[in-house]
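Remarks on the structure that follows.
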Amino acid sequence: MILTALSILGLSQETAHYRVEKPLQILDAAIDNKRFDLSGICSKDGKWWVVADKPWNHFLYRIDTLNNRALLDTKTDVSSPGKLDMEGVDYGGESFFFCDERHSRVFQYHRGEVHRLSLDWGAINFDSWRNKGLEGIAFDPGNQMIYLGKERQPQKFFKVPASGGKIQEILKEVTAGHDFQVADLKYDSSYLYVLDRKNYRVLKVNVPAQSLKAVLDYGNVMNHKGEKFYENSRYPMAEALMFEHNRLIIGLDNNGEQLNKKNKWVKRSKLEGNNPVIIIFERPQHF
């Protein structure tokens, strides 16, 4: 395991800035023989669970990690009428919650049953979003609330009770004041964390104050000297975010592309092929 060096880039009165210099570990995610477009990750009882975003892939996958690899343990069918575009997953309250981007739907998986949450979007025209819709989901156990993130053009945040109901748009000052894309969300210690795929960052957001509390930059790993993790990729591939103990975990979708051997960390980890990868970073103490 490679120890990471974390350096604070600079502090302002409002936002702390961190930069990750090295990964702790990079896992080759050999989860399925088919193309596996990793799109979400969460944990339950110390085990990791992931989802993928292709319409044929309507499963929750429990994975194990061994010898720098993420391997399939079990998979659970969570299919519902129609095709799914599973873009984010979280666990809480003895349930898994996942979002379907193409149709702006949210599902709950509880004790072997799949239930579609009834969402009241009001005047929000979600039908026009298509492939720029719900990309991230986070469960807030204290308030029994679900946070949802719309990916881009424009990026937006919403919240809704975990039982369903009226959708409320939130954090308009944050979305208006900063340039980013929402690839995933997680809620931890009273803060909402946003995986910003576009800029290789994780954003720590104070929801009540509608302010950006901190920014962590991981571009030195995933875009080292301009070399992305995958060849021919037009944009960054980060799609999944999770915290565990003092670690920050980011999963990359491969979009069917080959790993880029010119990237420093792909080369050092001796990665090859076109599997997705899961990258583990040390989490800064105050992040």
Side chain to side chain donor-acceptor pair (under 3.5 Å) against R201, all qualifying residues, sequence neighbours excluded: D196
H286 side chain reached by Y18 side chain, heavy atoms, under 4.5 Å: yes
Closest contact, heavy atoms only, A138 versus L192: CB-CD1, 4.1 Å
For F36, the option from V50, N274, D253, N254 that meets side-chain contact (heavy atoms from CB on, under 4.5 Å): V50
Under 4.5 Å side-chain linkage, directly or through intermediates, the cluster mates of L71: none
Tell me which donor-acceptor pairs under 3.5 Å the side chains of residues 159-174 have, and how far apart each pair is, sequence neighbours excluded?
from	atom 1	to	atom 2	distance (Å)
E169	OE2	K156	NZ	3.3

Distance-minimising heavy-atom pair for K150 and K132: NZ-O, 3.0 Å
Name of the residue among Y187, Y191, Y193 meeting ring-ring contact (aromatic ring centres under 6.0 Å, His included) with Y147: Y187
Exercise: identify the closest heavy-atom pair between D90 and F139: OD2-N, 2.8 Å
Backbone of M86 reached by a side-chain donor or acceptor of S39 within 3.5 Å: yes
E244/R283 salt bridge by N-O under 4.0 Å criterion: no
Least distance between heavy atoms, L60 atom then V78 atom: CD1-CG1, 3.8 Å
Partner of N260 under side-chain hydrogen bond (donor to acceptor under 3.5 Å, both in side chains), chosen from K267, K228, E227: E227
Plane angle bin for F96 and Y109 - parallel if under 30°, tilted between 30 and 60°, otherwise perpendicular: tilted
D64 bridged to K47 by N-O distance under 4.0 Å: yes
Sidechain-backbone polar pair: K204 side chain, N206 backbone, donor-acceptor under 3.5 Å: no
Over 12 non-hydrogen atoms of neighbours within 6.0 angstrom of NZ in K213: no
Salt bridge flag under 4.0 Å for residues E21 and R19: yes
Nearest atoms (heavy-atom pairs only) where L134 meets W129: CD2-CZ3, 4.1 Å
Whether D37 side chain and D53 backbone form a donor-acceptor pair below 3.5 Å: no
Residue pair N232 / E257: nearest heavy atoms and the distance that separates them: CB-OE1, 3.7 Å
Main-chain N/O of I41 paired to K186 side chain as donor or acceptor, under 3.5 Å: yes
